[in-house]
Amino acid sequence: MRRVHTGPVLGLLALLMLLVALAVTVGLGGPGWVAGVAAGAGGAVALAGALARRPEYRLGPADAVTLTRAVLVGGVAALSADAVAGGPAPVGILVTLAATALLLDAVDGVVARRSDTASELGARFDMEVDAFLILVLSGYVASTTGWWVLAIGAARYVFVAATWVLPWLRAALPARFWGKVVAALAGVALTVAAAQLLPPSATVLVLVVVLALLAESFGHQVRGLWRLHRATASPAPTDEHPRVPAGAGAPMAERTDG
């Protein structure tokens with residue numbers, strides 16, 4: 001059990017060190033500290049809980065990459081909170097942390113496959129880090145572009161909240177690679193918007209396209225889950241005619257296996 005809890009603790013300690021570095025270099029303020037510590041503590045508790053439910057699981061090399069990404073995202077959350085609260089807004093550092101987290105997203109999957117350590121928990125960990133980075137960036141960009149941008153970051157969490165009301169949304173569907181692509185595009189688009197690399201009108205256009213892609217991706221998933229729910233909820237078809245025991249009449253009438 002000691003090994004199980006090492007990862008979350010080390011991740012939290014690494015984030016605290018990053019926050020100290022940001023406080024020294026850019027003067028991270030109170031809102032940034034609150035957001036950073038809350039993100040780190042919440043992530044550590046969630047990961048520790050997931051590991052406790054799977055005592056046989058050990059964090060592998062790919063999980064270490066994802067944990068590094070989570071630390072960087074915590075730094076992005078801290079800087080974003082400070083900026084939205086009117087504090088210092090070191091855009092260069094924020095964008096660097098976000099871009100590094102996005103680049104590492106392409107690494108952890110490769111590491112998992114090459115080390116043969118891919119797992120359901122690791123994939124879920126990776127997905128939640130992606131979702132939180134998109135949420136944080138959308139909050140930062142929304143403060144300058146328009147609060148409608150928050151819809152990009154909130155999409156994943158609205159879907160999760162809907163599963164509490166509609167349990168059939170919790171069913172599993174075959175993985176769709178396009179969903180991963182859309183999430184990556186959302187992260188890249190928000191990072192570009194945060195860096196203000198495009199004219200305002202182009203930034204709005206890119207973000208509208210990303211929001212539309214997210215709507216299509218989640219809509220496709222909801223439609224698939226609804227069809228699965230209808231298929232499993234429908235009563236099994238019944239024979240209109242009673243079965244005839246073998247030897248009494250037509251013994252092969254009921255065979256359908258060819």
Side-chain angles (χ1 to χ4, degrees), residues 6-48 50 59 61-109 111 122 124-145 149-150 152-154 156-157 183-197:
T6 298
V9 172
L10 289 178
L12 181 57
L13 290 176
L15 177 56
L16 291 175
M17 293 175 62
L18 176 59
L19 295 179
V20 170
L22 292 174
V24 172
T25 55
V26 302
L28 185 69
W33 274 100
V34 171
V37 172
V45 169
L47 180 57
L59 293 178
D63 299 314
V65 176
T66 307
L67 190 61
T68 301
R69 293 181 58 230
V71 171
L72 296 174
V73 173
V76 175
L79 292 174
S80 297
D82 245 15
V84 172
V91 178
I93 296 177
L94 185 150
V95 170
T96 299
L97 293 177
T100 304
L102 288 171
L103 288 173
L104 289 177
D105 190 26
V107 173
D108 51 12
V111 172
R124 177 66 182 272
F125 184 23
D126 178 61
M127 179 181 66
E128 295 300 342
V129 172
D130 287 342
F132 188 61
L133 175 59
I134 293 172
L135 175 65
V136 169
L137 287 173
S138 68
Y140 178 81
V141 174
S143 64
T144 56
T145 305
V149 179
L150 280 174
I152 296 176
R156 157 72 181 163
Y157 298 96
L185 289 175
V188 171
L190 287 167
T191 302
V192 170
Q196 299 180 349
L197 297 177

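This is a predicted model, so every value here is computed, not measured.
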With a 4.5 Å limit on heavy-atom distance, are the side chains of Tyr140 and Val136 in contact?
-> no
For Ala194 and Val91, work out which heavy atoms get closest and say how close.
-> O-CG1, 3.4 Å
Which distance, rounded to the nearest 0.5 Å, do you find between the CG of Leu15 and the CG of Leu72?
-> 9.5 Å
List for me each residue that meets salt bridge (charged side-chain N to carboxylate O under 4.0 Å, His left out) alongside Asp108, sequence neighbours excluded, and say none if there are none.
-> Arg69
Output the distance between atom OG1 (Thr66) and atom CZ (Arg124), rounded to the nearest 0.5 Å.
-> 14.0 Å
Throw together a table of side-chain donor-acceptor distances under 3.5 angstrom for residues 20-47, partners on residues two or more places apart or in other chains.
from: Thr25; atom 1: OG1; to: Ala21; atom 2: O; distance (Å): 2.8

Taking all non-hydrogen atoms of both residues into account, name the closest pair between Val84 and Gly139 and its distance.
-> CG2-O, 4.1 Å
Any donor-acceptor N/O pair, Thr144 side chain to Val141 backbone, under 3.5 Å | yes
Please tabulate, one pair per line, all N/O donor-acceptor pairs under 3.5 Å involving side-chain atoms of residues 94-107, not counting sequence neighbours.
from: Thr96; atom 1: OG1; to: Gly92; atom 2: O; distance (Å): 2.7
from: Thr100; atom 1: OG1; to: Thr96; atom 2: O; distance (Å): 2.7
from: Asp105; atom 1: OD1; to: Lys180; atom 2: NZ; distance (Å): 3.3

With the side chain counted from C-beta on, respond yes when Val149 and Leu190 share a heavy-atom pair under 4.5 Å apart, and no when they do not.
-> yes
Which pair of non-hydrogen atoms, one from Gly122 and one from Asp63, has the smallest distance, and what is that distance?
-> CA-OD1, 3.5 Å
In Å, rounded to the nearest 0.5 Å, how long is the span from CG of Leu135 to CG of Asp130?
-> 12.5 Å
Measuring from Thr191:OG1 to Leu137:CG, what's the distance to the nearest 0.5 Å?
-> 4.5 Å
Please name the pair of heavy atoms, one in Ala183 and one in Ile134, separated by the smallest distance, quoted to 0.1 Å.
-> O-CD1, 3.5 Å
